[in-house]
Asker: 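Structure below; questions to follow.
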Amino acid sequence: MRGDRLELTGFAREDAETLAAFMRDPALIRLSDPGPLDYPDPEEIWRELSEANKSKEQCVFAIRSREDRRLLGWAELDNIDLLHQNACIGLGLGDPGERGKGSGSEALGLLLAYAFRELNLHRIEARVFAYNEASLRLASKQFSLEGIRREAVRRDGRWHDEHIYALLAPDWFAAANQH
């Protein structure tokens, strides 16, 4: 899947080393993972990626620069339920130089197009921790806020809310046809 500056591709084995480096950044991991920090090694990452893409419940893509094919992060659909046509979405930009430049918006657009056009999903959910301001801004541009799980995540001795957003296929297609 190709955008103006980015593309979503499969992962190559050599990407596991770069992903391991991304996952050693506690600030990045804390934005999306509620669990304790874990520093997986490249082999463990490769095994997980291989298993994930064999599953019908998960799709994980590499976010790459179209210019030099450099790995910038990952985009995923998780908890895919083909019967009810819904899934959860997740993005991570491991390259700090790509944050704040529209890369998250472009990657999200590519992933949503795949979810709605290729997988024929009806509903995509995004869960965002209240302290992840960039993701809150990104989600609020395309998704509708459905609810807040109050004090759902504990970080650094404090409780934080988790915002639950959703986007329905008819809303996405209507917005896509306006552009």
Side-chain angles (χ1 to χ4, degrees), residues 1-3 6-20 22-23 28-36 38-66 69 71-94 103-129 132 135 138-139 141-147 149 152-153 162-177:
M1 295 162 282
R2 300 181 117 195
L6 305 176
E7 61 186 0
L8 301 186
T9 70
F11 283 97
R13 189 175 190 89
E14 56 269 17
D15 292 330
E17 189 67 47
T18 304
L19 280 172
F22 291 165
M23 292 178 181
L28 172 65
I29 298 307
R30 287 172 168 256
L31 293 176
S32 61
D33 191 342
D38 181 24
Y39 301 102
D41 65 41
E43 283 304 311
E44 181 182 347
I45 289 170
W46 181 246
R47 278 191 306 278
E48 288 179 13
L49 285 172
S50 298
E51 289 303 312
N53 287 327
K54 290 179 190 171
S55 164
K56 291 184 178 184
E57 286 119 27
Q58 189 176 20
C59 296
V60 184
F61 298 99
I63 302 172
R64 296 187 190 281
S65 162
R66 282 190 61 188
R69 307 252 323 133
L71 180 64
L72 306 175
W74 66 91
E76 66 182 307
L77 293 168
D78 203 3
N79 299 320
I80 298 171
D81 179 344
L82 295 176
L83 176 64
H84 300 290
Q85 296 174 280
N86 58 64
C88 294
I89 198 167
L91 296 173
L93 288 172
S103 296
S105 293
E106 186 172 343
L108 176 61
L110 293 170
L111 191 57
L112 290 172
Y114 177 78
F116 290 127
R117 289 190 173 130
E118 301 299 322
L119 295 182
N120 194 33
L121 297 179
H122 177 72
R123 181 179 184 279
I124 302 295
E125 183 175 293
R127 293 174 172 253
V128 182
F129 303 141
N132 187 342
S135 290
L138 181 60
K141 288 178 186 175
Q142 293 197 38
F143 293 72
S144 296
L145 180 64
E146 289 193 328
R149 293 180 61 226
V153 178
E162 180 180 46
H163 295 227
I164 300 171
Y165 291 88
L167 177 62
L168 301 179
D171 298 332
W172 183 82
F173 279 107
N177 288 333

Asker: When you measure from the side chain of Glu106 to the backbone N and O of Leu6, does any donor-acceptor pair fall under 3.5 Å?
Answerer: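 Yes, the answer is positive, given that a donor and an acceptor are paired below the 3.5 Å cut-off.
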Asker: Closest approach of Ala16 and Ile45, non-hydrogen atoms and distance?
Answerer: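 Here Ala16 and Ile45 meet closest at O-CD1, 4.0 Å.
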Asker: Working note: Ile63 + Leu71, criterion side-chain contact (heavy atoms from CB on, under 4.5 Å); need CA distance, chi angles, decisive distance, verdict.
Answerer: CA-CA 6 Å; Ile63 302 172; Leu71 180 64; 5.8 Å; no
Asker: So Ile89 and Leu112, side-chain contact (heavy atoms from CB on, under 4.5 Å) or not? Walk me through it.
Answerer: CA-CA 9 Å; Ile89 198 167; Leu112 290 172; 3.8 Å; yes
Asker: Does Leu145 reach the side chain of Ile164, with side-chain heavy atoms less than 4.5 Å apart?
Answerer: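 Side-chain contact under 4.5 Å: no.
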Asker: Would you please name every residue forming a salt bridge (Lys or Arg N to Asp or Glu O under 4.0 Å) with Arg13, sequence neighbours left out?
Answerer: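 Scan of Arg13 (salt bridge (Lys or Arg N to Asp or Glu O under 4.0 Å), adjacent residues dropped) gives Glu43.
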Asker: Looking only at non-hydrogen atoms, find the nearest pair between Arg64 and Phe11 and report the distance.
Answerer: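 Closest pair (atom of Arg64, atom of Phe11, distance): NH2-CA, 4.2 Å.
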Asker: Should Arg69 and Thr9 count as side-chain neighbours, where that means a heavy-atom distance under 4.5 Å?
Answerer: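 SC-SC contact between Arg69 and Thr9 confirmed.
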Asker: Please round to the nearest 0.5 Å and tell me the distance separating atom CD of Glu162 and atom CG of Asn132.
Answerer: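 Atom-to-atom, Glu162:CD and Asn132:CG are 11.0 Å apart.
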Asker: Please name the pair of heavy atoms, one in Ser65 and one in Leu72, separated by the smallest distance, quoted to 0.1 Å.
Answerer: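 Ser65 and Leu72 have their closest heavy atoms at N-CD1, 3.7 Å.
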Asker: If you look at every heavy atom in Gly90 and Leu111, which pair is closest and at what distance?
Answerer: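 Heavy atoms of Gly90 and Leu111 come nearest at O-CD2, 4.2 Å.
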Asker: Ignoring hydrogens, what is the shortest heavy-atom contact between Gly104 and Leu93? Give both atom names and the distance.
Answerer: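 Smallest heavy-atom distance, with atoms named: N-CD1, 3.7 Å.
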Asker: Enumerate the side-chain hydrogen bond (donor to acceptor under 3.5 Å, both in side chains) contacts for residues 77-91, please, sequence neighbours excluded, ordered by first and then second residue.
Answerer: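 Qualifying pairs, neighbours excluded: none.
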Asker: Can you measure from CG (Leu121) to CG (Leu167) and round to the nearest 0.5 angstrom?
Answerer: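 If I round to the nearest 0.5 Å, the distance is 11.0 Å.
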Asker: Nearest 0.5 angstrom please: Leu49 CG to Glu44 CD, how far?
Answerer: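 If we round to the nearest 0.5 Å, Leu49:CG and Glu44:CD are 11.0 Å apart.
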Asker: May I ask you to test the Phe143-Leu108 pair for a side-chain heavy-atom distance under 4.5 Å?
Answerer: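 Sidechains of Leu108 and Phe143: in contact.
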Asker: What heavy-atom pair brings Phe116 and Ile124 nearest, and what distance separates the two atoms?
Answerer: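 The answer is CZ-CG1, 3.4 Å.
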Asker: What is the distance from atom CD of Glu146 to atom CZ of Arg123, rounded to the nearest 0.5 Å?
Answerer: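 Those atoms lie 4.0 Å apart.
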Asker: Heavy atoms, side chains only, cut-off 4.5 Å: are Pro170 and His122 in contact?
Answerer: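 A side-chain contact exists here, since the closest heavy-atom pair is under 4.5 Å.
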Asker: Is a donor on one side and an acceptor on the other found under 3.5 Å between the side chain of Asp15 and the backbone of Ala12?
Answerer: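 At least one qualifying donor-acceptor pair exists.
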Asker: Just verifying a value: how many Å separate Ile80 CD1 and Gln58 CD, rounded to the nearest 0.5 Å?
Answerer: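 CD of Gln58 is found 7.5 Å from CD1 of Ile80.
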Asker: Atom CH2 of Trp172 and atom CD of Gln142: how far apart are they, to the nearest 0.5 Å?
Answerer: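 Output value for this atom pair is 9.0 Å.
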Asker: Might you work through the side-chain contact (heavy atoms from CB on, under 4.5 Å) test for Arg127 and Arg149, ending with a clear yes or no?
Answerer: CA-CA 10 Å; Arg127 293 174 172 253; Arg149 293 180 61 226; 3.4 Å; yes
Asker: Would you sort out whether Leu19 and Trp74 count as a side-chain contact (heavy atoms from CB on, under 4.5 Å), showing the intermediate values?
Answerer: CA-CA 9 Å; Leu19 280 172; Trp74 66 91; 3.9 Å; yes
Asker: Tell me every residue that passes ring-ring contact (aromatic ring centres under 6.0 Å, His included) with Tyr165, counting only those two or more places apart in sequence or in another chain.
Answerer: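 By the ring-ring contact (aromatic ring centres under 6.0 Å, His included) rule, Tyr165 matches no residue at all.
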